[in-house]
2 protein chains.
Amino acid sequence: MAGRSKRRDLAAMLAPLVRDTIAAERPVLEAHGLSMWGYSVLVALDESPIRTQAALAEAIGADKTRIIATLDELQAQGYIERHPDPADRRARLLAITGPGRAVKDAAQQEIQQGEERLLGELTDTDRRVFLRVLDRLSRRP
Amino acid sequence: MAGRSKRRDLAAMLAPLVRDTIAAERPVLEAHGLSMWGYSVLVALDESPIRTQAALAEAIGADKTRIIATLDELQAQGYIERHPDPADRRARLLAITGPGRAVKDAAQQEIQQGEERLLGELTDTDRRVFLRVLDRLSRRP
DNA sequence: TATTGTTATACTCTATAACTATA
DNA sequence: TATAGTTATAGAGTATAACAATA
């Protein structure tokens with residue numbers, strides 16, 4: 001059986017799109033006083049608390065060393081809580097706070113509203129399929 | 001009318017996917033002696049020659065200053081030709097060579113074959129819709 | 001000894017600005 | 001003077017390795 005029809009590489013199509021969406025997020029996050037990594041952390045902790053910083057870093061695709069400054073800042077802003085685990089004082093129990101959830105929800109609403117500029121061009125079917133496939137592919141191990 | 005159903009941000013889904021696809025490309029390109037930007041340049045020039053380096057840089061989403069070393073290397077490898085435009089000797093006419101097209105085709109085939117690991121999980125309909133939408137969104141101005 | 005978090009260092013990548021050569 | 005290309009410098013972001021605290 002022969003190959004499939006000619007197409008561009010996935011990375012070549014994904015790269016400019018991710019660049020645009022991140023560029024669109026930047027001013028929104030800045031207006032809410034959040035960094036890109038800070039927002040990532042809030043989104044992750046909004047789903048559920050996490051028991052170690054290393055696990056959080058892995059969950060958001062970051063290095064454990066480079067989220068520390070982010071966590072310091074989020075804690076100073078009162079958006080997360082960071083307590084030593086009584087059962088193992090090496091680990092830090094991480095959780096989002098009420099104000100943290102509020103600022104994350106506000107920023108996220110604005111971000112997704114902006115993304116309608118893109119998604120709004122699609123038919124309902126295309127939109128639904130695209131988001132479903134994208135969600136699935138992005139969750140691969 | 002109320003909002004749409006809850007979803008993740010586009011950037012949050014796109015980012016890990018683009019990271020994985022680029023990570024998958026890296027060893028393939030290295031085996032063919034190409035850098036990421038070098039491969040981008042060959043793909044762009046394969047479509048059509050370009051009259052200035054600035055235009056090429058913009059076409060691949062790069063800065064004009066940071067593709068110069070790449071062009072030097074591609075030229076030394078014999079994969080591109082770079083001639084001063086006789087009509088305006090400030091500009092450089094850029095074109096891919098036969099060997100350039102050959103190495104680009106070989107690398108691209110291997111890359112897209114690897115991407116089947118992802119796309120092969122999808123139904124024919126999902127695959128077709130996803131690629132069509134992705135292609136469209138990635139070409140937006 | 002192994003693991004969690006932290007800090008320090010080095011390295012890569014990118015952006016900015018200055019320089020040349022043509023026009 | 002304006003533009004295309006080039007080079008040099010500085011800055012941001014990232015990765016690596018060493019360190020301190022706890023197990």
Side-chain angles (χ1 to χ4, degrees), chain A residues 11-12 14-16 18-23 25-27 29-30 34-41 44-45 49-76 80-95, chain B residues 11-12 14-16 18-23 25-27 29-30 34-41 44-45 49-76 80-95:
Chain A
L14 290 167
V18 75
R19 204 179 47 213
D20 287 356
T21 54
I22 287 178
E25 282 193 11
R26 204 173 294 278
L29 294 178
E30 193 167 356
L34 292 173
S35 68
M36 199 73 63
W37 287 115
Y39 178 65
S40 264
V41 166
L45 291 181
I50 300 186
R51 210 188 67 83
T52 72
Q53 295 182 184
L56 170 62
E58 209 215 322
I60 65 177
D63 192 285
K64 67 169 181 171
T65 65
R66 80 185 180 214
I67 65 169
I68 293 179
T70 302
L71 296 179
D72 290 345
E73 190 181 14
L74 288 173
Q75 190 173 17
I80 65 168
E81 285 179 347
R82 185 157 54 152
H83 299 294
D85 182 349
D88 180 348
R89 306 229 319 273
R90 291 175 303 181
R92 304 271 180 278
L93 302 175
L94 301 167
Chain B
L14 290 168
V18 75
R19 204 178 48 212
D20 287 356
T21 54
I22 286 179
E25 282 193 8
R26 204 175 295 278
L29 294 178
E30 192 167 357
L34 292 173
S35 69
M36 199 74 62
W37 286 115
Y39 178 64
S40 266
V41 167
L45 291 182
I50 300 186
R51 211 188 67 84
T52 72
Q53 296 182 184
L56 169 61
E58 209 216 321
I60 64 177
D63 192 284
K64 66 169 182 172
T65 66
R66 82 183 179 215
I67 63 168
I68 292 179
T70 302
L71 296 179
D72 290 345
E73 191 182 12
L74 288 173
Q75 191 173 17
I80 65 168
E81 285 179 348
R82 186 158 51 153
H83 299 293
D85 183 349
D88 181 347
R89 305 232 317 274
R90 292 174 302 182
R92 303 271 180 279
L93 303 175
L94 302 167

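Worth knowing before you read on, the calculation uses all heavy atoms, side chains too, and leaves out hydrogens, waters and symmetry mates. Below, read A as the first sequence line, B as the second, and so on, with proteins coming before strands; counting in each chain starts at 1.
- In this entry the distance linking CG of A/L56 with P of C/dT6 reads 12 Å, nearest Å.
- One finds a salt bridge joining B/R51 and B/D85 here, because a Lys/Arg side-chain nitrogen approaches an Asp/Glu carboxylate oxygen to under 4.0 Å.
- A heavy-atom distance below 4.5 Å is not found between the side chains of A/T70 and A/S40.
- Taking every heavy atom of both residues into account, A/Q53 and A/L71 meet most closely at CD-CD1, 3.6 Å.
- Summarising the geometry, the separation between CG on B/D88 and C1' on C/dA23 is reported as 6 Å, rounded to the nearest angstrom.
- Not one side-chain nitrogen or oxygen of A/W37 sits closer than 4.0 Å to the OP1 or OP2 atom of D/dA12.
- Closest to the side chain of A/K64, out of C/dT4, D/dA4, D/dT6, is C/dT4.
- Of the candidate nucleotides C/dT7, D/dT6, C/dT4, C/dT7 has the atom nearest to the side chain of A/I68.
- With C/dA23, D/dG5, C/dG5 as the candidates, the nucleotide lying closest to the side chain of A/Q53 is C/dG5.
- Residue A/L71 is the one, among A/L71 and B/D63, whose nearest nucleotide of DNA chain C lies closer to the 5' end (criterion: closest heavy atom).
- Between the CG atom of B/D72 and the C1' atom of D/dT7 there is a distance of 11 Å, given to the nearest Å.
- Checking the phosphate oxygens (OP1, OP2) of D/dT7, no side-chain nitrogen or oxygen of B/R66 falls inside 4.0 Å.
- Atoms CD1 (B/I67) and P (C/dT14) sit 13 Å apart, rounded to a whole Å.
- Here the P atom of nucleotide C/dT12 and the CZ atom of B/R26 are 13 Å apart, to the nearest Å.
- For C/dT3, the base has a donor-acceptor partner in the side chain of A/R90 [N/O atoms by modelled type, under 3.5 angstrom].
- When the C1' atom of D/dG13 is taken as reference, atom CD1 of A/I22 falls 13 Å away, rounded to whole Å.
- Taking atom CD on B/E73 and atom C1' on D/dT6, their separation rounds to 17 Å, with Å as the unit.
- At a threshold of 4.5 Å between non-hydrogen side-chain atoms, the residues A/I67 and A/I60 count as touching.
- At most 12 non-hydrogen atoms from other residues, nucleotides or ligands lie less than 6.0 angstrom from CZ of B/R26.
- Between the CZ atom of A/R89 and the C1' atom of C/dA2 there is a distance of 18 Å, rounded to whole Å.
- For D/dA4, neither phosphate oxygen OP1 nor OP2 lies less than 4.0 angstrom from any side-chain nitrogen or oxygen of B/R92.
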